[in-house]
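Beneath this line is the structure, given in structure tokens, with notes to follow.
Since this is a predicted model, take the numbers as computed values, not measurements. Order of the sequence lines sets the chain letters (A, B, ...), proteins ahead of strands, with each chain counted from 1.
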Amino acid sequence: MLGDRPEATIASLFSDSNRSGYRLLAVLAVCVLLTFLDLRTNWVGWLRYAGGYVTGPVHYLAHFPTSMASWVSLQARTTEDLRDDNQRLVRQLLILEQKAQRLAVLEAENVRLRELLNSSARLSARVFVAEIIGVEPDLNRQEVVVNKGSGDNVFAGQAVLDASGLIGQVVEVGPLSSRVLLITDATHALSVQVNRNGMRTILAGTGHPDRMRLLYVADTADIVEGDLLVSTGLGKRYPAGYPVAVVASVRQDPGQAFLKVEARPTAHIDRASHVLLVASTASQSEQEQP
Amino acid sequence: MSRSQSAGTPIIIVTLFLGAWLEVLPLPDAIEYLRPEWLVLAMIYWAIALPHRIGVVWGASVGLFQDVLVGSVLGQHALAMTLVVYIAQSTYKRLRVFPPIQQSAVVFMLVGVFVIFSYLVQDFSGRALLSPVSMLVPAVVSAVLWRLVYSVLRWTRRRFLVR
């Protein structure tokens, strides 16, 4: 065939490369358009949602070796280890139950005092457990993937906690899994207050897994190393009163108007395997109050 | 002509799924930044092996899939993947006859193009934090691993008669 009509082959080659150039331009234009639509509107959210059906299983499969390894190590534990664990947990349970008893009294007292002040009481929010099945490989972003999707009543903006503090919020709900933006992400900030004196500031992530910073803390502010920062519930994203971070260092530069305050998150963000999703936000639980 | 003979699309999709799996597989923190761009390597291979089939539309689709997979802004990896596949597809005749070292060097540049364009879009969307130089480390690792990926995928292509 090549020998028969060389001109035709060459011509078709040229026209083919021409067409592929136009096709490249068209595809690039579609990509740029998609980027714009995704950044400025939410018209292409369905595309992401539909893709979730394909990417969800990939995340589950990627988590499989980890869960397999933890299963094997669980099987390989000796009775003695388990007995030790059991004893430790029973002791811990006793301590926590004792604390919970006091908490019930304090909560009731809190409700009474709030009634005296004519302000609505806050109920403790209901939570449900999810498992982290993926960690964002891109070092620019601090995100994790959890194994609960739209079928489990996960919604965008839902607060995510672990046993010792706030972890982040749900930013993207897929059909099988959801994506959680961590509080340590560089684009994330939330309103907190110092537990000791109630001073409110803004806690921003730095993109580093265990470093955060406080923004616009006045030079004369009363804040010291070791102060606990708790969420305020302002912004209506996070429930109020959960521990978020501990102040790690306070530096004063005489040339600057604000203090340089660094904090460390209280939650074990890079070690957590299970997280709690808050089922009802603060404002919802206020409405549920009888 | 060649379109009627094409076969083995499911095999290509399976290899791409494996690439995606490796892309999100948890790694220890110490070597996390060394993770090669598996999907790009796979797409470069298929673009060189089957240039009449695997083109920019495949590149954009796989890139879009990666966008959803890693939760980046839609179009970030799609744009970069489209460009890489286009370059690989239009130079496949030279790439096929290059000696291994030279081929790896070209793969380094192709993955570099991918990383840089993906960085540009990420920076535009306000989510870039680290310097792009640190993002070129995956390109080096990808180039080192290219021969391995090449051999595995060539074996797959011959074993399952992908045309």
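- Chosen from B/Ser90, B/Ser134, B/Gly75, the residue pairing most often with chain A at heavy-atom distances under 4.5 Å is B/Gly75.
- When each of B/Leu69, B/Val85, B/Leu83 is scored by its heavy-atom pairs under 4.5 Å with chain A, the top score falls to B/Leu69.
- The one candidate from A/Thr35, A/Leu34, A/Val27, A/Val32 that meets the side chain to side chain contact (heavy atoms under 4.5 Å, CB included) condition with B/Leu79 is A/Val32.
- Considering only heavy-atom pairs separated by less than 4.5 Å from chain A, the leading option among B/Ala20, B/Gly71, B/Gly63 is B/Gly71.
- Ranked by heavy-atom pairs under 4.5 Å with chain B, the first of A/Ala62, A/Ser177, A/Gly51 is A/Ala62.
- In this structure, B/Arg127 contributes its side chain and A/Ala186 its backbone to no donor-acceptor pair below 3.5 Å.
- Of the two parts of B/Val121, only the side chain, counted from C-beta on, holds a non-hydrogen atom closer than 4.5 Å to a non-hydrogen atom of chain A.
- Across B/Ser72, B/Pro138, B/Ala128, B/Ser125, the residue that shares the most heavy-atom pairs under 4.5 angstrom with chain A is B/Ser72.
- For the options B/Pro26, B/Ala60, B/Gly59, heavy-atom pairs under 4.5 Å to chain A are most numerous at B/Pro26.
- Neither the backbone nor the side chain of A/Phe64 comes within less than 4.5 Å of any heavy atom in chain B.
- Within the 4.5 angstrom heavy-atom criterion, no atom of A/Pro57 approaches chain B.
- Contact of A/Leu181 with chain B is made through the side chain alone, with heavy-atom distances under 4.5 Å.
- The neighbour count for B/Phe98 CZ, taken as heavy atoms of other residues, nucleotides or ligands under 6.0 Å away, is above 12.
- Without hydrogens or angle criteria, A/Arg23 side chain to B/Gly55 main chain gives no donor-acceptor distance under 3.5 Å.
- Listed options A/His59, A/Arg48, A/Glu172, A/Glu143 were ranked by heavy-atom pairs under 4.5 angstrom with chain B; first place goes to A/Arg48.
- Most heavy-atom pairs under 4.5 Å with chain B, from the set A/Asp38, A/Asn140, A/Leu33: that is A/Asn140.
- Heavy-atom distances place no part of A/Asp270 under 4.5 Å from chain B, backbone and side chain included.
- If you tally non-hydrogen atom pairs under 4.5 Å between each of B/Glu32, B/Arg35, B/Gln122 and chain A, the highest count goes to B/Gln122.
- The number of heavy-atom neighbours closer than 6.0 Å to CZ of A/Arg77, taken from other residues, nucleotides and ligands shown, is above 12.
- The local environment of OH in B/Tyr33 is sparse, with at most 12 non-hydrogen atoms from other residues, nucleotides or ligands closer than 6.0 Å.
- Contacts of A/Thr206 with chain B are made by backbone atoms alone, with heavy-atom separations under 4.5 Å and no side-chain atom involved.
- Contacts of B/Leu22 with chain A are absent, with no heavy-atom separation under 4.5 Å from either backbone or side chain.
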